[in-house]
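Below is one structure, written out as structure tokens; the observations come after it.
Keep in mind that what you see is a predicted model, and the values were worked out from it rather than measured.
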Amino acid sequence: QVQLVESGGGLVRPGESLRLSCAASGIIFSIGAMAWYRQAPGKQRELVARITSGGTTNYADSLKGRFTISRDNAKNTVYLQMNSLKPEDTAVYCCSADIRRSSRDYNWYAYWGQGTQVTVSS
């Protein structure tokens with residue numbers, strides 16, 4: 001089995017920063033792209049940022065310059081540095097990863113974490 005576990009969420013004031021982490025564990029042969037999504041109350045889930053195994057990144061246009069995604073392949077972990085947070089950033093943030101489970105299985109499987117709450121409020 002594979003698990004993704006997020007951490008680092010919490011309550012912050014506008015303008016402050018948070019760093020989210022998401023660690024993958026279990027039967028993992030290789031991890032491809034990893035991503036962060038968020039879902040605010042009453043809204044659809046949206047892609048925040050994505051990073052390939054080689055380090056290529058892409059971001060939601062509205063978040064460029066404030067959020068930075070990175071990964072540590074040795075730790076099977078993806079990070080999301082969030083700066084200058086705004087109340088509209090309040091959401092549940094989830095990570096996802098495309099994972100190969102075996103050298104003999106060439107399929108990539110998408111896994112999701114449970115999510116971590118980020119609340120930005122004064």
Is it the case that over 12 heavy atoms from other parts of the model lie below 6.0 angstrom from the [atom1] atom of [X]?
X	atom1	answer
Glu46	CD	yes
Gln3	CD	no
Glu88	CD	yes

- Query: When you look at Val48 and Ile69, which way does the side chain to side chain contact (heavy atoms under 4.5 Å, CB included) test go after all the steps?
  - Reply: CA-CA 9 Å; Val48 173; Ile69 190 171; over 6 Å; no

Q) Is there a side chain to side chain contact (heavy atoms under 4.5 Å, CB included) between Ile51 and Tyr59 once you walk through the steps? A) CA-CA 9 Å; Ile51 184 168; Tyr59 297 89; over 6 Å; no

Which heavy atom of [X] sits nearest a heavy atom of [Y], and at what distance?
X	Y	value
Asn107	Asp105	N-OD1, 2.9 Å
Asn83	Ser17	OD1-OG, 3.0 Å
Ser53	Asn73	O-ND2, 3.5 Å
Cys94	Gly115	SG-CA, 3.6 Å
Gly9	Leu20	N-CD2, 3.6 Å
Gln39	Ala91	O-CB, 3.4 Å

Euclidean distance, [Y] [atom2] relative to [X] [atom1], rounded to 0.5 Å:
X	Y	atom1	atom2	answer
Ser30	Tyr106	OG	OH	12.0 Å
Ser25	Lys75	OG	NZ	15.0 Å
Tyr111	Leu4	OH	CG	9.0 Å

[X] versus [Y]: any side-chain heavy-atom pair under 4.5 Å?
X	Y	value
Asp89	Arg66	yes
Arg71	Ile31	yes
Asn58	Leu47	yes

is_close_aromatic(Trp112, Tyr37), centroid dist under 6.0 Å =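 Judged by ring-centre distance (under 6.0 Å), Trp112 and Tyr37 do meet the cut-off.
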
Quick check on the hydrophobic clustering: are [X] and [Y] connected, directly or via other members, by side-chain heavy-atom contacts under 4.5 Å?
X	Y	result
Ile28	Met34	yes
Trp36	Val12	yes
Val5	Val2	no
Leu18	Tyr79	no
Leu85	Leu80	yes

Worked verdict on Tyr93 versus Glu6 for side chain to side chain contact (heavy atoms under 4.5 Å, CB included):
CA-CA 8 Å; Tyr93 286 71; Glu6 300 99 337; over 6 Å; no

Under 4.5 Å side-chain heavy-atom separation, chaining through any Ile, Leu, Val, Met, Phe, Trp or Tyr, what else clusters with Leu11? Say none if it is isolated.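 Reading the cluster by chain and number, Leu11 sits alone, since nothing else belongs.
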
### Full working for side chain to side chain contact (heavy atoms under 4.5 Å, CB included) between Phe29 and Arg101
CA-CA 5 Å; Phe29 172 71; Arg101 301 185 296 212; 5.8 Å; no

